[in-house]
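Please read the structure below before turning to the comments.
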Amino acid sequence: MTLRKALLLSASLLGPSLALAAPTEKAKPLHGKTGALHRTNTHPSGAKPAPRKTTPHSVQAHDTETIAVTARRTDFAFVAAQHLPDADTRLSAERLIQRGVVTLRGLERVAPNLTIQSVNGTASNNFYLRGVGFNDFTQNNIPTVMTYFDDVPFAFSTLSSGLMFDLADVTVAPGPVGTTHGQSDTGGEIRFRTAAPTSTWHYGASQDIASYARSRSEAYISGPIAKGLDFRLAGQIRQGGGWQTDPQNGAHLGDADSYALRGKLRWHSDDNRTTILLSGHFVQDNSQVVTSQAVHRLIGKTGLPHLGQREAEWSMRPQFANLIGRPEGLKPSEHNQFWGWDLHMDHDFGVAKLTSVTAFETGRQGEYTDQDGTSRAEADTYRTISANAFTQELRLGSSNPDSRLQWVVGAFYQRSRMKQRFFFDYTDYAARGYMMATSFSMNQESTSEFGHVSYRLPHNVTLFAGLLHEIDDRSLPGLTSEIFGGKTTAFHGESTAAAQFAGQVGVSWQATKTTLVYYKMSKGFKPGGFSANNTQIQTQLDPFGPETVLTYEFGFKSDPIPNVLRLNGAAFYNDFHGQQVVGTVLIPNYGPLSEITNVPKSESWGFEGTIEFHPIRHVFVTQNIGWQRGNYQDFLNVNRAATNAAYAKTGVWRAVNSNFAGVDNGQPKLTLNGQAEWRQPLTSALGLDVGPDWSYRGSQAIAVGGTGFYRLPPYFLLGAHATLRPSSGKWEATIYASNLLNRSFFESGGMATTTYFYIPGPPRFIGGRISYGF
């Protein structure tokens, strides 16, 4: 009997209720059937996942397709991961679509203790996980939280912009990483897995249209070319959605204008022991950006504009446009092009599996921002970036997931290059009154070796340990600062190197069939770097040192009532040495500037948890909870608030230093997000899913020890959706709303030359989305 006939027979036996079925979240891809390649259900700890049950409700087909036949969508997602000792948040493509997560920044609305903030409203992002992170305006340093796409780490996170489409799933992993794969880091990593080629034909498309003429279009096609050779091609187009206007002239701002393509070609041997996967992608982004709103004037007496939620002011002087070679009337926007390729090769020797991941990523950026948030040219900025990174990873590990002994050893190499040039227009700032440019280059190279081993003892106890050694070298060959019509200053080059060990030890216990507890200690390492923004004196180029953290974590995973209640949680404590944060340096006769520096001693602690609840037949609830606290134990730095206040009184720049020992690290103490859904059959072949979603973020300090306008206010957002689904799973139709209450809130902030500003969040969006797949 063929698989198809068996499924039809099962359907007839189960009766009419089967027609209400839809794939469970763990099996549903982004558009219909993707045939995404799933990794073996193993984990660095070596914990053995519970075997997947084969029942009339779930049949897994051969090759890469997963066919789910279920009378009720009651199974919670990622069942096997419940037996892995980690605090990772795993998100299916379906969950991301439901919550409208289409950019990196949207992930903070579906994971606990995660903050992702745009740099001045642009495509560049800063990451904070469990309070670990820093504001890297120039984006020329290794991020504290590493971003991966299909096992490829992005040393410069901006290069991953525009790639969140045709996904299979996403994993947010907090805490030190690097002993099992990729690159070492102290804060954790976000791993994206995109859909893989299929050995049978599949294709589909989706269209999303919303308020402010926002449009998002996606399409894919996947199938065989020849025996053992498959391909997949996917694309995305984003347009419109701008919601800011200039009250002075009614000009419109914020429209997206980008497209992206991704192609994959996969070959596998007849015995499936060897697989080669070649992938490539291209992104063109000419989108306008959300611009800042000035909330406080630091210097000068000119009043600030009184702006509404959807209003903003900006300027572009013809002289500045001519200097940077862009058209007059240029709005705050991107002019970016990213592309890259990666080659994955796997061979199973029977006793071990060898994996090679080779990748090259490159990007060209042109980015204009009006940082003072006014119509005056007091801190208008345009920067160009040319960056590339080559990475090579080779690892050898266990091939039998059922073995008591699990191990992996490997090596990782990275080489990156970057050139940046900043143009500043200070014409309307009386203390300067000129245009200037700062240019610099950066070279970086690192190697690391890692290993991880685990052994499953009797009574479901597993011991695991890992070790990493990394060497990192980076240099700033030279930086120049030019005042047009004035002098040019050349600074001598700087370099820094670091070599450190990191590692992990832990134990897990599968106490019952549905309950796992674990404890682990992890040491993380992150190399130092440079603050290269708006350099005025040589000492600003002094490198900051490496960051290390010793993390203690205790966690549990439990399904006390299978398919009804799931409880996962973890508590952590971080002991930092040399934590990298954005401090302040005062430049004589110039003013305070941000500078990445090291805190000799600091700490943070907290917990995160996830509750999934299916109390009655039609109701499904998910709630994430994140809570963290932290403080500096020894940190002498310029007090920006006090220094600015002193200048306002005396008109003379004089540094006011403070020891911020005992001061809170400023990260949101409480983050909440979740959703509830009512799943209701309408007919024998059609069902309706409807429900709200919500998120809350506590206040966050933007400057060290920040209070008042130096701190972002807390906010709460509410959304909702209603989706029609047929039993065939071939299409979906959704109406949705985000920021349903139309709350005014701010996503990030910072300081320009003369003002302190916030980056406002989007107003209410109401939209519709339809997708179809074959």
Side-chain angles (χ1 to χ4, degrees), residues 21-34 36-43 47 49-55 57-60 65-84 86-101 107 109-112 114 167-173 190-195 514-516 555-570 608-615 618-625 673-679 687 689 691 693 721 723 725 729 732:
T24 62
E25 185 177 342
K26 61 191 174 189
K28 187 172 181 62
L30 184 59
H31 299 302
K33 302 175 183 177
T34 67
L37 282 173
H38 290 263
R39 291 182 179 176
T40 306
N41 287 328
T42 59
H43 189 268
R52 184 171 181 172
K53 295 181 179 179
T54 303
T55 70
H57 299 283
S58 180
V59 181
Q60 185 161 341
E65 295 300 320
T66 298
I67 301 176
V69 181
T70 174
R72 294 180 302 162
R73 297 170 62 218
T74 58
D75 291 341
F76 294 139
F78 306 105
V79 176
Q82 286 298 101
H83 304 273
L84 304 179
D86 59 42
D88 296 1
T89 299
R90 294 172 171 86
L91 302 161
S92 67
E94 181 183 24
R95 177 58 55 86
L96 297 175
I97 292 173
Q98 285 178 342
R99 296 297 300 273
V101 178
L107 289 173
R109 294 187 283 108
V110 289
L114 175 64
L167 297 178
D169 54 48
V170 180
T171 299
V172 179
I190 302 174
R191 301 189 298 270
F192 294 87
R193 195 165 58 90
T194 62
T514 59
T515 302
L516 173 81
F556 69 93
K557 294 181 175 181
S558 177
D559 288 88
I561 310 176
N563 294 329
V564 175
L565 179 63
R566 172 176 291 178
L567 300 173
N568 293 346
E608 61 243 351
T610 298
I611 302 170
E612 295 185 70
F613 192 35
H614 174 40
H618 300 292
V619 175
F620 294 81
V621 180
T622 300
Q623 177 65 60
N624 291 320
I625 303 170
N673 58 71
Q675 71 175 58
E677 193 170 55
W678 180 279
R679 299 175 183 172
D689 300 343
D693 60 77
H721 77 278
T723 301
R725 302 174 184 269
E732 286 185 2

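Because the structure is a prediction, the values reported are computed rather than measured.
- In terms of modelled atom types and a separation under 3.5 Å, the side chain of H614 and the main chain of V621 share no donor-acceptor contact.
- By the side-chain hydrogen bond (donor to acceptor under 3.5 Å, both in side chains) test, N568 pairs with Q82, sequence neighbours left out.
- Listed by chain and residue number, nothing satisfies the salt bridge (charged side-chain N to carboxylate O under 4.0 Å, His left out) test with R109 (two or more places apart in sequence, or in another chain).
- Residues meeting the side chain to side chain contact (heavy atoms under 4.5 Å, CB included) test with L565, sequence neighbours left out: P560, I561, L567, I611, F613.
- Residues V110 and V170 fail the side-chain proximity criterion, which asks for heavy atoms closer than 4.5 Å.
- Between R191 and D88, some side-chain heavy-atom pair lies under the 4.5 Å cut-off.
- Going from atom CD of E732 over to atom CD of E94 covers 6.5 Å, rounded to the nearest 0.5 Å.
- Of the possible donor and acceptor atoms, one in the side chain of Q623 sits under 3.5 Å from a partner among the backbone N and O of N673.
- The closest side-chain heavy-atom distance from R95 to Q675 is below 4.5 Å.
- With sequence neighbours excluded, no residue forms a ring-ring contact (aromatic ring centres under 6.0 Å, His included) with F556.
- Across all their heavy atoms, V79 and H83 have their closest contact at O-CD2, 3.8 Å.
- Heavy-atom minimum distance, G674 versus R99: O-NH1, 3.4 Å.
- Shortest non-hydrogen contact noted between S558 and T515 is OG-OG1, 3.4 Å.
- For T723, the side-chain hydrogen bond (donor to acceptor under 3.5 Å, both in side chains) partners at least two apart in sequence or on another chain are T734.
- For the atom pair N563 CG and F76 CZ, the distance stands at 6.5 Å (nearest 0.5 Å).
- With sequence neighbours excluded, no residue forms a side-chain hydrogen bond (donor to acceptor under 3.5 Å, both in side chains) with D693.
- Residue F78 comes nearest to D169 through the heavy atom pair CZ-CB, 4.4 Å, listed as atom of the first residue, atom of the second, then distance.
- Residues F192 and L107 form a side-chain contact, since some pair of their non-hydrogen atoms from C-beta on lies under 4.5 Å apart.
- Screening T610, D559, T514 for a side-chain hydrogen bond (donor to acceptor under 3.5 Å, both in side chains) with R566, the sole residue that qualifies is D559.
- No donor-acceptor pair closer than 3.5 Å links the side chain of R193 to the backbone N or O of T171.
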Subject >> Derivation of the side chain to side chain contact (heavy atoms under 4.5 Å, CB included) call for H721 and E677 >> reply: CA-CA 9 Å; H721 77 278; E677 193 170 55; 2.8 Å; yes
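- Side-chain contact between T89 and E608 is absent, with no heavy atoms from C-beta onward closer than 4.5 Å.
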